[in-house]
Student: 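The structure under discussion is supplied below as structure tokens; questions concerning it will follow.
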Amino acid sequence: MTTTKPIRVLGIETSCDETAAAVVENGRTVLSSVVASQAEVHRRFGGVVPEVASRRHVEHITRVLEAALEDAGVRPNDLTAIAVTHGPGLVGALLVGVAAAKALAFSWGLPLVPVHHIAGHIYACRLVGEMRFPLVALVVSGGHTELLYLRDEGHVVVVGQTRDDAAGEAYDKVARVLGLPYPGGPELDRLAAEGRDVYAFPRAFLEPDSLDFSFSGLKTAVLNAVHGARQRGEPINLADVAASFQAAVVDVLVEKAFRAVKRYDARQLVVAGGVAANRGLRAALAERAAREGVEVLIPPLSLCTDNAAMIAAAGTVLYRLGRVADLDLNAVPDLDLTAE
Ligand code: KG4
Ligand code: ZN
């Protein structure tokens with residue numbers, strides 16, 4: 001009797017302020033997922049400080065890698081490949097993961113698979129369900145807001161993107177004005193649940209056929225409302241501001257995502273990235289999906305924010321497609337998704 005050997009990929013992610021390593025089997029089963037978050041460290045600065053992030057990655061990477069192997073109960077020779085985020089992200093942060101991945105690939109004699117961070121967010125969906133192609137992916141994170149068309153596994157085309165702020169960035173900036181701690185997205189989400197959409201903030205739908213986004217006008221409208229009230233000495237209900245801001249973001253994200261599904265005749269809508277953890281967005285997507293009979297796949301909260309299981313999942317897809325790199329792989333801070 002022959003048994004096929006499972007594909008076990010060690011994923012490494014250090015593009016921003018999470019040092020993460022994970023082992024995934026056959027691209028679907030998470031054997032371990034370790035995430036050392038630096039949010040506490042950056043909180044006092046109100047955002048990620050790149051130099052501090054790089055140093056923290058160096059301090060944590062060895063321990064995180066050891067824990068990922070130990071939790072998974074695997075040894076180096078049980079692994080098939082090593083996948084690592086090589087961009088986009090903070091260059092000093094990315095380099096820590098890339099250097100670690102190259103050193104391990106060399107010493108353990110394993111293939112090295114470079115992964116685009118956003119491809120990681122998308123393929124996190126494979127850990128929770130069947131991805132049905134062609135599909136449209138809405139990627140909403142701290143650095144990205146994009147609509148992508150995936151004809152097939154490994155084939156990505158950007159069909160819409162933000163012209164200014166990313167959705168998560170808008171969340172973090174507005175949260176800061178409301179006096180909420182970093183990262184502001186989850187805090188603002190919590191506050192929004194206690195308020196009502198009474199401010200009628202602008203929704204930037206842009207040109208009638210556009211799949212692009214713009215959040216800077218909304219951000220300015222919120223800032224003006226808050227500063228104006230403070231200057232006039234008027235009381236301001238922060239929960240209502242949060243609810244109104246969230247409603248404006250969610251309306252646009254949902255409308256454009258479903259527009260793209262229709263335009264590309266997609267079989268599925270996949271939603272990924274840190275902002276996909278947003279409860280208001282998840283509820284609105286579920287409601288619209290039910291109404292339009294569209295299948296939506298969203299990873300659980302722990303797989304929406306940065307982690308390495310998603311990098312291992314994407315790495316498995318790319319490994320099967322033969323997309324391995326040499327040991328001269330470098331970090332690419334502004335890596336293009338379509339170059340994948
Ligand atoms: O994907 P991610 O962990 O890191 C990047 O690749 O950027 O996304 C982080 C972003 C932050 O801007 C954070 O505030 C936002 O995702 N975020 C949220 C929520 N949870 C995280 N935004 C809105 N609602 C949430 N529940
Ligand atoms: Zn991310």
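Counting convention: from 1, in listed order, for ligands and their atoms alike.
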Student: How is the hydrophobic cluster of V23 composed, in terms of its other members, when Ile, Leu, Val, Met, Phe, Trp and Tyr link through side-chain heavy atoms under 4.5 Å apart, directly or indirectly?
Tutor: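 Members other than V23 - counting any ILVMFWY side chain reachable under 4.5 Å - are L10, I12, L31, V58, I61, L65, L69, V74, L79, I82, V84, V96, V98, L104, F106, W108, L110, L112, L327, L329.
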Student: Given D17, which partner from the list V48, V49, V52 fulfils the side chain to side chain contact (heavy atoms under 4.5 Å, CB included) test?
Tutor: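 Per the side chain to side chain contact (heavy atoms under 4.5 Å, CB included) rule, the option paired with D17 is V48, out of V48, V49, V52.
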Student: Can you tell me if D306 and H121 form a side-chain donor-acceptor pair at under 3.5 Å?
Tutor: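 Checked: D306/H121 side chains pair up, N/O donor to acceptor below 3.5 Å.
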Student: Within ligand 1, which atoms have a heavy atom of G143 less than 4.0 Å away?
Tutor: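 What qualifies from ligand 1 is 7 (O).
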Student: Identify the protein heavy atom lying closest to atom 2 (P) of ligand 1, giving its residue, its atom name and the separation to 0.1 Å.
Tutor: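 In this structure, atom 2 (P) of ligand 1 has D306 OD1, 3.3 Å as its nearest protein heavy atom.
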Student: Considering only non-hydrogen protein atoms, determine which one is nearest to atom 13 (C) of ligand 1 and report residue, atom name and distance to 0.1 Å.
Tutor: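 For atom 13 (C) of ligand 1, the nearest protein heavy atom is D172 OD1, 3.8 Å.
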Student: Evaluating non-hydrogen atoms only, which member of S37, A170, G274 is closest to atom 21 (C) of ligand 1?
Tutor: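 Among S37, A170, G274, the closest heavy atom to atom 21 (C) of ligand 1 comes from G274.
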Student: If you count every heavy atom of other residues, nucleotides or ligands that lies below 6.0 Å from R196 atom CZ, does the total exceed 12?
Tutor: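 Atom CZ in R196 is not packed in, count stays at 12 or less.
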Student: Below 4.0 Å from ligand 1: does a non-hydrogen atom of P186 turn up there or not?
Tutor: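 It does, in that a heavy atom of P186 comes within the 4.0 Å cut-off of ligand 1.
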Student: Does the D212 side chain pair with the main chain of G160, one donor and one acceptor, at a distance under 3.5 Å?
Tutor: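 Such a contact is absent between D212 side chain and G160 backbone.
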Student: Above 12 or not: heavy atoms from other molecules or residues under 6.0 Å from CZ of R75?
Tutor: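 Incorrect, the count does not exceed 12.
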Student: Checking contacts here: is it the side chain or the backbone of H121 that comes within 4.0 Å of ligand 1, counting heavy atoms only? Could be both or neither.
Tutor: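 It is the side chain that touches ligand 1; the backbone stays farther off.
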Student: E255 and salt bridge (charged side-chain N to carboxylate O under 4.0 Å, His left out): which partner among K262, R288, R203?
Tutor: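 By the salt bridge (charged side-chain N to carboxylate O under 4.0 Å, His left out) criterion, E255 pairs with just one of K262, R288, R203: R288.
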Student: Just heavy atoms, cut-off under 4.0 Å: does T305 contact ligand 1 by side chain, backbone, both, or neither?
Tutor: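 For T305, the contact with ligand 1 is made by both the backbone and the side chain.
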Student: Heavy atoms only, cut-off 4.0 Å: how does N278 contact ligand 1, side chain, backbone, both, or neither?
Tutor: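 N278 to ligand 1: contacts from backbone and side chain alike.
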Student: Quick test: of every protein heavy atom, which one is nearest to atom 15 (C) of ligand 1, and how far off is it to 0.1 Å?
Tutor: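 Protein heavy atom with the smallest distance to atom 15 (C) of ligand 1: V275 CG2, 4.0 Å.
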Student: If I compare all heavy atoms of L127 with all of R28, which pair ends up nearest, and what's the gap?
Tutor: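 Reported closest heavy-atom pair: CD2-O, 3.5 Å.
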Student: In this structure, is the centre-to-centre distance between the rings of Y171 and F245 below 6.0 Å?
Tutor: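 Aromatic pair counts; centres sit under 6.0 Å.
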Student: Tell me whether R63 is salt-bridged to E66, with the criterion being a basic N under 4.0 Å from an acidic carboxylate O.
Tutor: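 Judged by the 4.0 Å cut-off on N to carboxylate O distance, R63 and E66 do not form a salt bridge.
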Student: Decide salt bridge (Lys or Arg N to Asp or Glu O under 4.0 Å) for E153 and R323; before the verdict, give the C-alpha distance in whole Å, the side-chain angles of both, and the deciding distance to 0.1 Å.
Tutor: CA-CA 12 Å; E153 226 158 47; R323 304 217 194 140; over 6 Å; no
Student: Any idea which atoms of ligand 1 are less than 4.0 Å away from a heavy-atom of D189?
Tutor: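 That gives atoms 24 (N), 25 (C), 26 (N) of ligand 1.
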Student: Below 2.8 Å of the Zn ion (ligand 2), tally up the protein N/O/S atoms for me.
Tutor: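 Every protein N, O or S atom under 2.8 Å from the Zn ion (ligand 2) counted, the figure is 3.
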Student: Around atom 18 (C) of ligand 1, find the nearest protein heavy atom and jot down its residue, atom name and distance.
Tutor: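 The closest heavy atom on the protein side is G185 CA, 3.6 Å.
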Student: Near G168, which atoms of ligand 1 are under 4.0 Å from a heavy atom of that residue?
Tutor: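 Matching atoms, with element in brackets: 12 (O).
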Student: When you measure from atom 6 (O) of ligand 1 to every protein heavy atom, which one gives the shortest distance, and what is it?
Tutor: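 Ranked first by proximity to atom 6 (O) of ligand 1 is H117 NE2, 3.1 Å.
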Student: Return yes or no for this condition: an N or O of E18 is under 3.5 Å from an N or O of ligand 1.
Tutor: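 Between E18 and ligand 1, no N or O pair is found under 3.5 Å apart.
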Student: For the residue pair E13 and H117, confirm or rule out a side-chain donor-acceptor distance under 3.5 Å.
Tutor: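 Yes, side-chain donor-acceptor contact under 3.5 Å.
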Student: Show me which atoms of ligand 1 lie under 4.0 Å from any heavy atom of S141.
Tutor: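 Taking each heavy atom of S141 in turn, ligand 1 has 1 (O), 5 (C), 6 (O), 7 (O), 8 (O) under 4.0 Å.
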Student: Check for a donor-acceptor pair, side chain of D197 on one end and backbone N or O of A243 on the other, with a separation under 3.5 Å.
Tutor: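 Not a single qualifying donor-acceptor pair exists.
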Student: So, do E295 and R267 sit near enough that their side-chain heavy atoms are less than 4.5 Å apart?
Tutor: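 No, every pair of side-chain atoms sits at 4.5 Å or beyond.
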Student: Return a yes/no value for G142: is any of its N or O atoms, backbone included, closer than 3.5 angstrom to an N or O of ligand 1?
Tutor: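 Checking ligand 1 against G142, an N or O pair does fall under 3.5 Å apart.
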Student: Ligand 1 versus R279, non-hydrogen atoms closer than 4.0 Å: side chain, backbone, both, neither?
Tutor: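 Contact part for R279 vs ligand 1: neither.
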